[in-house]
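Data first, discussion second: the structure below is written as structure tokens.
For the numbers below, each heavy atom of this structure counts, side chains included, while hydrogens, waters and symmetry mates do not. Proteins come first, then strands; the chains are lettered A, B, ... in the order of their sequence lines, and each starts at number 1. As the structure is a computational prediction, the values presented were derived from the model and not from experiment.
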Amino acid sequence: MADLFDAFASTGTVLAEHGSPVIELVGARKTYRTGSIEFEALRGIDLRIEQGEYVAIMGPSGSGKSTLMNIIGCLDTLTEGDYRLAGDDIAELDEIDLAQIRNLRIGFVFQQFHLLPALSAWRNVELPLMYRQVPVGERRARAAAALERVGLGDRVANRPGELSGGQQQRVAVARALVGEPDLLLADEPTGNLDSQSTADVLGLLDELHQQGRTIVLITHELEVAQHARRIVWVRDGLIQSDEVIDR
Amino acid sequence: MSWLETLRTGWSAVRSHGLRSALTVLGILIGIAAVILTVGLGLGTQKDVSAQISSLGSNLLIVTPGSSTGTDGVRGGFGSAATLTRADAEALASRTNAPDVSAVAPEKSTSASLEANDTNWTTTVTGTTADWLDVRSRELENGTFLTAADDTDRANVIVLGSETATELFGTTRVVGQSVTIGDDDYQVIGVLAAEGASGSEDLDDLALVPLSTASEQLVGGNARSSVSTIYVQAASTDQLSAANQETTTLLLNLHGITATDSADFTVSSQDALVSTATAVYRTLTVLLTGIAALSLLVGGIGVMNIMLVSVTERTREIGLRKALGAPPWAIRRQFLVEASVLGLAGGVIGAGLGIVAAHVLPGLLDTSIVVSGAAVAGSVVVAVGIGLVFGVYPATRAARLTPIDALRSE
């Protein structure tokens, strides 16, 4: 099983390094059915995000941006169209394969942090590695390095309840980074933070971008979105605009 | 995630809800302790009963008098008739009449007060013959037993049980001492080795005299030639039923009775006693174990209940783990392990409690409880099994949650 995971990981990384886009959506449609009522959340989206890009996806509620984020995050599959993540077609994978893909390719940062309150920062961060059979010693070292990277090297033993909101979100960023994913997917990462912590976390994302990470940020705040280099506006299940911000 | 880690995660989840887990474990624990105790009690009682019965001696047939019918046609109780005589016993002892019988010991008992050096002790004095020692599988601690000559001579000799000797003289080294019953002095010729109690009968508090002496000096009257019980020993276990047949036929002939139905005596064997007693106790044990098992079932439902609560409470955790790449089987395994940990804790603590109770209770209740290793190991396995079985539904529910819905739940 571990070998299989590794095989997946290496293939993916190699493909991404050779210039395939990290995200490639072609004619993406998602239809929800509730009884006889159909609702088209995505109505044909084409989107390419290259290696190393920092993209903000914006849109009002009901625009389909949450659905888009679920699709990009492999938490859900398309009704129609193609989705390639780091070169691999994953539009019609089953639950177990999706779990593998999420584990290997994607680092999530959520609005509510979603840290496990009973576990120390260290053990929270090592969770993704546990699901891919990394031996304890290596796991601990990588988790410690990730926490060091987000500036919490001295808080490894603290539980989430003993950390401020900003620190908790940094632990979550460390957890997203620890597995060396192709894509960092942040869903309203500053939605629950005060302005100082917001600045901290966004600063951290900026740094990660400068180091070559691919980041997709979902937000409804323009201030936050402006940290990205490219802003994609979604409305009524379609991409309304896609602009590169010049600095 | 390795098994060890899953186990550790399960343990910390169980521990993080201490009281709740403890109460759930209590349900299992009580059931397991109850099963171990009832099984132990059943085994202990069976052991007691067979020890009691086999202490009478193997290959043994017991002939007791039937009921008597008075001149007015009123039948007396079982054993009330004085239909068995010394002559019956002597006839049975003959190899020609009963070739499968190896030894015969008639008994004629009465309660009497024994006196020695101003000490008084009332016990059962039994008149019997030299074969008694062999037939009843007893041994002497010191001295000699009654002989055929003692019987012929109507000798005033007596063999004491160890307890009787101790009560009268303060020691069991009393061969050569004198005991007075009524007006007659008896010389102590032997003391029986201690045997312990058998039900209501104390096997160590008794006195034995030659049958002829008992008939003449202790009982007297019309009942002089009658005996209360005749113990018949078959030559071997295989010959027991043949010996039974011969005894019955011979006694029917001697008593001039043609119909087996109207026999004025009863022949019972050890086998029959053992199997009856065993059957009774087995039924009781099964019944009690069933009740204990029922309480285990209730404990199992408790586990399921708490696991369902746990799944609902931790929906977000499940969602997060799935988002981080936990496949459904990992989630299912995590909750199954948690449920098994509850079961295991209940099983181990319950087994411990059962073992402690099995050592404490016999002293208080005067029963024996045999803790069988198989019952203990079995109970712990069953407890873990109960955790697993009742954890399947909650765990499957957890595994089926979709990560999106689970993450969004409040």
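- Most heavy-atom pairs under 4.5 Å with chain B, from the set A/L75, A/D76, A/I96: that is A/L75.
- Annotation for A/R140: atom CZ counts as buried by contact number, over 12 foreign heavy atoms lying within 6.0 Å.
- Taking CG of B/L407 as the start and CD of A/Q111 as the end, the distance is 12.0 Å to the nearest 0.5 Å.
- Separation of atoms CG (A/L115) and CD (B/E317) is listed at 12.0 Å; rounding is to 0.5 Å.
- Using a 4.5 Å heavy-atom cutoff, the side chains of A/P128 and B/R321 are not in contact.
- Of the two parts of A/V134, neither the backbone nor the side chain holds a non-hydrogen atom closer than 4.5 Å to a non-hydrogen atom of chain B.
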field: Verdict with supporting geometry, B/T9 and A/R123, side-chain contact (heavy atoms from CB on, under 4.5 Å)
entry: CA-CA 11 Å; B/T9 309; A/R123 296 201 55 202; 4.3 Å; yes
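- Annotation: side chain of A/Q100 is not in contact with side chain of B/P327 (no heavy-atom distance under 4.5 Å).
- Without hydrogens or angle criteria, B/R316 side chain to A/H114 main chain gives no donor-acceptor distance under 3.5 Å.
- Contact check for A/R175 versus B/L324: side-chain heavy atoms found under the 4.5 Å cut-off.
- Across all their heavy atoms, B/R408 and A/S66 have their closest contact at NH2-CB, 4.2 Å.
- Scanning all heavy atoms of the two residues, the minimum distance from B/A330 to A/Y131 falls at CB-CE2, 4.0 Å.
- A heavy-atom distance below 4.5 Å is not found between the side chains of A/F108 and B/L320.
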